[in-house]
Amino acid sequence: PYIIFRIMLSKIPLSHSKYGITIMDKEQALQSFIESFYSNTELSRSAAAAMDQSGSSSVPLMITGEIGTGKDRVAYLHYAKSQFNDEPLYVVNCSMLNDKTWNFLINHYNSPFTDNGNTIYISNLGVLSHQRQKQLLSIILDTNLHIRNRLIFSCTQAKDGPMPHAALEYTNMLGCVPLPIKPLREQKNDIVPSAALYIDTLNQNLGRQVVGLEDGAAKLLIEYDYPCNRTQFKRILKKAVLETSTAYISRDTIEKILKEEKTLLDCYSGESRGFLATLFRFYKGNYGNLLMSALMFFIKVSPTWIIPLITA
């Protein structure tokens with residue numbers, strides 16, 4: 001018998017990652033963009049044009065866009081191509097911060113907020129509570145964090161909506177350069193070329209031999225609205241490649257997948273509205289006691305596990 005070993009370079013973590021704080025260097029940030037789906041799309045060309053204007057500046061950057069538009073990748077590229085790329089990039093993902101990490105950021109002497117000359121990317125700013133948004137802004141202003149370091153922010157924008165309030169407030173107070181990212185539905189000319197490139201990547205990763213799209217399939221992809229933008233576009237193409245046994249992805253395959261996507265998004269939207277409506281009814285019924293409202297809600301929706309937990 002023989003023993004075969006395969007040695008591969010681990011990509012996780014990207015140097016150091018813990019509880020929503022990641023440290024990256026120039027090579028890692030650039031590689032993260034180059035290896036992504038976004039590197040050969042209109043997003044890359046738009047980011048490059050924006051860097052010609054702000055790449056050598058230390059002015060804070062505010063990236064806004066709908067869900068799935070590639071805001072993180074744009075931030076990585078801006079750091080990797082900036083004059084500050086000899087120092088590390090600290091990525092603070094607000095959607096993954098817990099209380100312990102938050103306290104570390106604002107109070108600990110080893111926090112990236114106490115250092116100088118680095119790039120700090122604060123991702124998903126709008127996820128923070130209003131109180132923490134105010135607290136963070138106060139810390140930045142009081143400690144001149146935006147002067148001592150290069151700051152990049154990102155904030156998710158609702159479909160066809162205005163700039164989020166948090167993004168507008170930070171932009172006004174810190175003098176951020178706004179960088180809005182267009183949704184995929186406004187970049188129709190990019191869809192078919194991007195699909196061809198991504199299908200080639202999927203062939204390599206999945207061991208498939210799909211040549212491309214039938215004309216009818218391409219037409220459906222161009223006409224689709226993409227509520228979740230490029231993230232959804234990638235998911236649709238991956239499904240299509242996996243379900244295709246011929247050289248070209250057919251119109252019927254794309255039509256079927258788009259119907260599945262609509263069902264998925266409708267269910268998600270309906271469940272979210274139902275959850276909030278039910279919780280609000282409990283909230284009013286318990287005279288504004290949020291803890292009691294949440295407890296009564298979970299007793300209603302899942303009594304088989306919550307009641308034993310309460311009586312234990």
Side-chain angles (χ1 to χ4, degrees), residues 20-24 26 29 33 43 46-67 69-97 101-158 161-182:
I21 303 176
T22 304
I23 306 173
M24 305 173 73
K26 174 177 62 177
F33 182 85
L43 177 66
S46 299
M51 280 186 294
D52 290 340
Q53 301 175 1
S54 63
S56 61
S57 171
S58 61
V59 175
L61 190 66
M62 177 61 72
I63 304 171
T64 57
E66 297 175 15
I67 184 173
T69 48
K71 296 180 288 295
D72 288 351
R73 307 296 180 177
V74 171
Y76 298 160
L77 186 62
H78 269 266
Y79 157 71
K81 296 292 186 179
S82 75
Q83 62 176 344
F84 310 98
N85 59 19
D86 289 333
E87 302 299 329
L89 168 68
Y90 290 89
V91 181
V92 179
N93 188 343
C94 296
S95 64
M96 297 182 66
L97 296 180
T101 316
W102 178 257
N103 288 329
F104 167 78
L105 278 173
I106 64 174
N107 294 318
H108 201 277
Y109 63 89
N110 277 333
S111 166
F113 292 173
T114 64
D115 206 353
N116 299 323
N118 300 316
T119 300
I120 303 174
Y121 170 42
I122 300 176
S123 167
N124 295 309
L125 177 64
V127 172
L128 289 178
S129 66
H130 183 68
Q131 178 184 356
R132 286 187 173 178
Q133 289 175 10
K134 292 288 187 182
Q135 185 180 18
L136 176 60
L137 182 57
S138 176
I139 290 170
I140 293 172
L141 291 169
D142 292 345
T143 65
N144 286 326
L145 182 64
H146 59 307
I147 297 174
R148 297 184 289 107
N149 297 273
R150 172 81 189 281
L151 299 187
I152 302 176
F153 302 91
S154 74
C155 206
T156 299
Q157 187 171 342
M163 177 183 283
H165 175 75
L168 181 60
E169 183 176 25
Y170 274 62
T171 297
N172 289 337
M173 295 298 294
L174 301 175
C176 299
V177 173
L179 179 57
I181 300 177
K182 291 181 181 180

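Count residues from 1 along the sequence. Reckoned from all heavy atoms, side chains included, excluding hydrogens, waters and symmetry mates.
With hydrogens and angles disregarded, no donor-acceptor distance shorter than 3.5 Å links the side chain of Ser123 to the backbone of Ser154. Gln157 places a side-chain N or O within 3.5 Å of a backbone atom of Gly161 that can act as its donor or acceptor partner. Counting only distance, with no hydrogens or angles, the side chain of Arg148 and the backbone of Thr143 share a donor-acceptor pair below 3.5 Å. For Tyr170 (side chain) and Leu137 (main-chain N/O), a donor-acceptor pair under 3.5 Å exists by modelled atom type.
With rounding to the nearest 0.5 angstrom, the CD1 atom of Ile181 is 10.0 Å from the OG1 atom of Thr156. Within the model, atoms CE of Met24 and OG1 of Thr119 stand 12.0 Å from one another, a figure rounded to the nearest 0.5 Å. In this structure, CG in Leu89 is found 9.5 Å from CD1 in Ile120, a value given to the nearest 0.5 Å. Between Met96 atom CE and Thr22 atom OG1 the span is 7.5 Å, to the nearest 0.5 Å.
Leu141 has its side chain within reach of Leu174: a pair of non-hydrogen atoms, C-beta onward, lies under 4.5 Å apart. Under the 4.5 Å side-chain criterion, counting only non-hydrogen atoms from C-beta, Lys26 is in contact with Asp86. For the pair Ile63 and Ile152, the minimum side-chain heavy-atom distance is below 4.5 Å. Contact annotation: the side chain of Glu87 never approaches that of Asn149 to less than 4.5 Å [non-hydrogen atoms, C-beta and beyond]. Within the 4.5 Å cutoff, no side-chain heavy atoms of Arg73 are placed close to those of Leu77. Side-chain contact between Leu136 and Phe113: present, with at least one pair of heavy atoms (C-beta onward) separated by less than 4.5 Å. Using a 4.5 Å heavy-atom threshold, the side chains of Val91 and Tyr76 count as touching.
For Met163, the CE atom counts as densely surrounded, since its 6.0 Å shell holds more than 12 non-hydrogen atoms of other residues, nucleotides or ligands. Residue Leu128 qualifies as enclosed at atom CG: its count of foreign heavy atoms under 6.0 Å is above 12.
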query: Stepwise, does the side chain to side chain contact (heavy atoms under 4.5 Å, CB included) test hold for Phe33 with Lys81?
result: CA-CA 11 Å; Phe33 182 85; Lys81 296 292 186 179; over 6 Å; no
message: What verdict does the salt bridge (Lys or Arg N to Asp or Glu O under 4.0 Å) test give for Glu169 and Lys134, after you've listed the backbone C-alpha separation in whole Å, the side-chain angles of each residue and the deciding distance to 0.1 Å?
response: CA-CA 10 Å; Glu169 183 176 25; Lys134 292 288 187 182; 2.6 Å; yes
task: Quick one: do Leu97 and Val92 satisfy side chain to side chain contact (heavy atoms under 4.5 Å, CB included)? Show the steps, please.
output: CA-CA 8 Å; Leu97 296 180; Val92 179; 4.0 Å; yes
field: Criterion side chain to side chain contact (heavy atoms under 4.5 Å, CB included) on Asn110 and Phe104, from CA distance to verdict
entry: CA-CA 8 Å; Asn110 277 333; Phe104 167 78; 4.2 Å; yes
message: With side chain to side chain contact (heavy atoms under 4.5 Å, CB included) as the criterion, how do Met62 and Leu125 come out once you've worked through the C-alpha distance, each side chain's angles and the decisive distance to 0.1 Å?
response: CA-CA 10 Å; Met62 177 61 72; Leu125 177 64; 4.1 Å; yes
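When all heavy atoms are compared, the tightest approach of Thr64 to Ala167 is CG2-CB, 4.0 Å. Here the closest non-hydrogen pair linking Lys71 and Cys155 is CD-O, 3.7 Å. Counting all heavy atoms, side chain and backbone alike, Cys94 lies closest to Asn124 at CB-O, 3.2 Å. Scanning both residues, Asn118 and Pro88, for their nearest heavy atoms gives OD1-CD, 3.3 Å. Across every non-hydrogen atom of Arg150 and Ser82, the tightest pair is NH1-CB, 4.2 Å. The minimum heavy-atom distance between Gln135 and Ile106, with the atom names listed, is NE2-CD1, 3.2 Å.
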